[in-house]
Amino acid sequence: MTTDPDLDPNDFGFPEPATDQSFENALAKARDGIRLSVDDATELLATGTDVDGIDPNRKEAVLEAADRRRAEEVGDEVTFVANLNNNVTTACNTGCLFCNFKDSAHAFEAGSDAEHAGFTKTPTESRAIVEDALEMGIYEVCSVSGLHPAFALNDEHHEILAAHDDPASAVNYKPPEAYAIDPGTYLEQMNAMSVGGVHLHSMTPEEAYHARRGTDWSYESVYRELADAGLDSAPGTAAEILVDEVRDVICPGKIRTDDWVAAMEGAAAAGLDVTSTMMYGHVETVEHRAEHLKVIRDLQDRIGSITEFVPLSFIHRNTPLYRQGVVDSGPSRDEDELVVAVARLFLDNVDHVQASWVKSGDEHGLKLLNCGADDFMGTILSEEITKRAGGEYGEYRSFDDYVEMITAIGRTPVERSTDYRTRRRIDPDDGPHGPRLGPRADGTPMLPNRAGGGGDPASADD
Ligand SMILES: C[S@@+](CC[C@H](N)C(=O)[O-])C[C@H]1O[C@@H](n2cnc3c(N)ncnc32)[C@H](O)[C@@H]1O
Ligand SMILES: Nc1c(NC[C@H](O)[C@H](O)[C@H](O)CO)[nH]c(=O)[nH]c1=O
Ligand SMILES: N[C@@H](Cc1ccc(O)cc1)C(=O)O
Ligand code: SF4
């Protein structure tokens with residue numbers, strides 16, 4: 001968070017968090033397993049709104065309560081998934097100020113000489129990348145992308161979008177012919193990536209919005225078509241902070257909270273599992289974080305199909321928010337730990353909380369597993385979003401890395417499916433280790449340099 005008084009979060013009109021609850025009462029409720037209120041969560045996240053900064057003793061008490069709850073609810077297993085990230089395109093005009101993944105879409109137009117390090121993959125290229133990774137034993141492909149103006153759900157959607165007056169400004173649409181590389185339709189990309197029995201985890205609420213822009217189609221019907229084309233579950237990114245006054249500052253071009261919730265409900269109604277996320281540590285207050293957790297818990301009370309909560313620690317270095325001086329860092333490690341812990345205590349209806357080695361590195365990622373988290377992400381094989389934002393913790397972890405790290409903290413390594421229903425406990429003494437749950441996995445260790453799911457230079461636009 002910012003330390004420059006001129007750039008205090010209060011400049012956005014956000015009041016200092018204050019509640020009618022005390023830290024001690026909130027902690028007592030958490031220890032007793034009583035459902036927490038937004039005020040309780042605010043007190044725990046702040047280690048008391050009566051103190052300035054984070055009180056180390058109170059913090060330890062919150063982490064301990066969360067670690068105990070984790071042990072009671074899910075035991076000592078630490079899960080991870082053999083997966084691949086395949087980002088289809090970095091072309092995006094949404095302009096989120098925390099994001100350095102995207103490149104403005106005009107740079108991708110045929111004949112543009114704008115320099116950019118972005119890429120767009122055709123469905124054929126996406127399929128080849130997934131097939132390669134399937135051979136290496138992955139269970140899941142996780143695919144999130146920029147909102148390319150030439151993306152449409154299907155041919156009918158192309159026609160509807162093209163029929164608008166001035167489609168570029170009315171519905172953020174330009175026909176594929178305007179671009180050097182055609183990303184195909186969303187259905188074609190789903191078909192291409194859903195190969196050989198792999199689990200396809202794709203289409204965030206923002207992408208689902210893009211796949212129905214300019215129409216009156218429901219989220220449910222769009223997710224049903226995507227599921228028919230091979231989609232298995234949807235990532236709950238684009239959540240950022242689910243409070244509109246924060247979205248107005250960091251992502252004014254994105255859908256609002258209500259729409260994000262409606263998209264998740266649509267995915268659930270279409271029979272898909274979803275994940276949930278929160279990207280924190282920029283301009284928001286602890287109260288906003290607490291309100292965000294409430295949106296997720298209420299949603300889960302209604303749909304029951306959220307498989308995990310993924311805290312996304314804001315990586316600031318290369319982002320417009322940092323470069324424009326709006327923030328001067330991401331969250332502190334104390335804040336990371338408290339977010340994981342309070343998520344575990346508050347989200348009593350979501351079984352799994354993820355620690356991220358991409359965002360936090362191995363050492364701090366392992367610490368987060370002792371603050372309430374029980375999942376340690378996936379192998380991912382390549383990573384573009386965090387890397388482009390200035391993240392420094394690499395793009396791949398092998399099964400041997402996972403087994404070594406998880407056993408080092410006295411926990412049991414477990415390979416999981418995306419939905420956590422299929423699990424395989426790994427015997428640390430039986431190495432070398434490799435994936436066994438993927439459709440073509442046979443226990444052979446993965447060799448990471450063979451798959452290029454992120455920005456494959458061979459398919460760059462230039
Ligand atoms: C880059 S977008 C891609 C998918 C799609 N364009 C969307 O917005 O849903 C996926 C998510 O990455 C996360 N992200 C982007 N930039 C980040 C950053 N600098 N630090 C942490 N997470 C970030 C955000 O939560 C965002 O919703
Ligand atoms: N936390 C991050 C993830 N998580 C994705 C997971 O690996 C997996 O797709 C999910 O748990 C569903 O099974 N992916 C990233 O690229 N970056 C992250 O920071
Ligand atoms: N972890 C998210 C997806 C995700 C993708 C890319 C990220 O940078 C972050 C998160 C999910 O599984 O739903
Ligand atoms: S977060 Fe998603 S929608 Fe926003 S700019 Fe980045 S890629 Fe585009």
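Both ligands and their constituent atoms are indexed starting at 1 by order of listing.
Checked by distance only, ligand 2 and E140 come closer than 3.5 Å through their nitrogen or oxygen atoms. Between I315 and ligand 1, an N or O atom pair is found at a separation short of 3.5 Å. Inclusion of M279 in the set of residues having an N or O under 3.5 Å from an N or O of ligand 1 is not warranted. At least one N or O atom of N85, backbone or side chain, sits closer than 3.5 Å to an N or O atom of ligand 2. In terms of polar-atom proximity, F98 is counted as a contact of ligand 1, with an N or O under 3.5 Å from an N or O of the ligand. Not one N or O of T319 is nearer than 3.5 Å to an N or O of ligand 1, by distance alone. For the pair E207 and ligand 1, the shortest N or O to N or O distance does not fall below 3.5 Å. Checked against a 3.5 angstrom limit, the closest N/O atoms of E206 and ligand 1 fall outside it. Ligand 2 has a nitrogen or oxygen under 3.5 angstrom from a nitrogen or oxygen of R416. Inclusion of N100 in the set of residues having an N or O under 3.5 Å from an N or O of ligand 1 is not warranted.
Of all atoms in ligand 4, listed by their number and element, those nearer than 4.0 Å to a heavy atom of F98 are 1 (S). Counting the atoms of ligand 2 from 1 in the order shown, those under 4.0 Å from a heavy atom of E308 are 10 (C), 11 (O), 12 (C). Close contacts of ligand 2 with G378, meaning ligand atoms under 4.0 Å from a residue heavy atom, involve 7 (O). Residue A389 has at least one heavy-atom neighbour below 4.0 Å for each of these atoms of ligand 1: 19 (N). Short contacts between ligand 1 and S145, defined as distances under 4.0 Å to a heavy atom of the residue, involve ligand atoms 3 (C), 4 (C), 5 (C), 6 (N). Those atoms of ligand 1 that come under 4.0 Å of a heavy atom in A238, given as number and element, are 9 (O), 27 (O). Heavy-atom proximity to L312, at under 4.0 Å, picks out these atoms of ligand 1: 25 (O). Listed by atom number, the atoms of ligand 2 under 4.0 Å from C142 heavy atoms are 9 (O).
By the criterion of a heavy-atom distance under 4.0 Å, neither the backbone nor the side chain of H199 is placed next to ligand 2. Counting heavy atoms closer than 4.0 Å to ligand 1, residue S313 contributes backbone atoms (N, CA, C, O) but none from C-beta onward. With a 4.0 Å heavy-atom cut-off, ligand 1 is reached by no atom of K102.
Closest heavy-atom approach to atom 5 (C) of ligand 2 within the set N83, T307, N87, V310: this belongs to N83. Between atom 1 (N) of ligand 2 and the options K359, Q354, E395, K387, the minimum heavy-atom separation is to Q354.
For the pair N83 (side chain) and T379 (backbone), a donor-acceptor distance under 3.5 Å is present. No donor-acceptor distance shorter than 3.5 angstrom exists from the side chain of R436 to the backbone of A441, with no hydrogens or angles considered. E140 places no side-chain N or O within 3.5 Å of a backbone atom of V81 that could act as its donor or acceptor partner.
Heavy atoms only, all atoms of each residue included: W357 and E395 are closest at CH2-C, 3.5 Å. Across all non-hydrogen atoms, the minimal contact from L272 to D232 is CD2-O, 3.3 Å.
Around atom 8 (Fe) of ligand 4, protein N, O or S atoms at a distance under 2.8 Å total 1; waters are neither shown nor counted.
Between F314 and H282, the angle of the ring planes goes over 60°, which puts this pair in the perpendicular group of the 30/60° scheme. The aromatic rings of H116 and F108 are tilted relative to each other, their planes meeting at an angle between 30° and 60°.
Side chains of V74 and T79 form no contact here, defined as non-hydrogen atoms less than 4.5 Å apart.
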- Please report the C-alpha distance between E109 and K174 in whole Å, then the side-chain angles of each, then the deciding distance to 0.1 Å, and finally whether the side-chain contact (heavy atoms from CB on, under 4.5 Å) criterion is met. CA-CA 10 Å; E109 288 174 17; K174 284 196 183 178; 2.7 Å; yes
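Between F399 and H433, the distance separating the two ring centers is not shorter than 6.0 angstrom. In this structure, H148 has its ring center closer than 6.0 angstrom to the ring center of Y179. A centroid separation of less than 6.0 Å is found between the aromatic rings of F14 and H288. Less than 6.0 angstrom separates the ring centroid of Y420 from the ring centroid of H352.
Heavy-atom neighbours of Y209 OH from other residues, nucleotides or ligands within 6.0 Å: at or below the threshold of 12. Annotation: E72, atom CD; neighbour count of heavy atoms from other residues, nucleotides and ligands within 6.0 Å is above 12.
Among protein heavy atoms, the minimum distance from atom 1 (S) of ligand 4 is reached at K254 NZ, 3.2 Å.
Once rounded to the nearest 0.5 Å, the distance linking OH of Y280 with CG of D336 reads 3.5 Å.
In this structure, C96 falls outside the shell of residues with a heavy atom less than 4.0 angstrom from ligand 1. The shell of residues lying under 4.0 angstrom from ligand 1, judged by heavy atoms, excludes T277. Every heavy atom of H316 sits 4.0 Å or more from the atoms of ligand 1. In this structure, K359 has a heavy atom closer than 4.0 Å to ligand 1.
Residues passing the side chain to side chain donor-acceptor pair (under 3.5 Å) test with E337, sequence neighbours excluded: K59, H364. For T122, the side chain to side chain donor-acceptor pair (under 3.5 Å) partners two or more places apart in sequence, or in a different chain, are E125. With sequence neighbours left out, the side chain to side chain donor-acceptor pair (under 3.5 Å) criterion links N172 to no other residue.
Seen from the ring of Y173, R213 does not count as a face-on cation partner, given the 6.0 Å and 45° thresholds.
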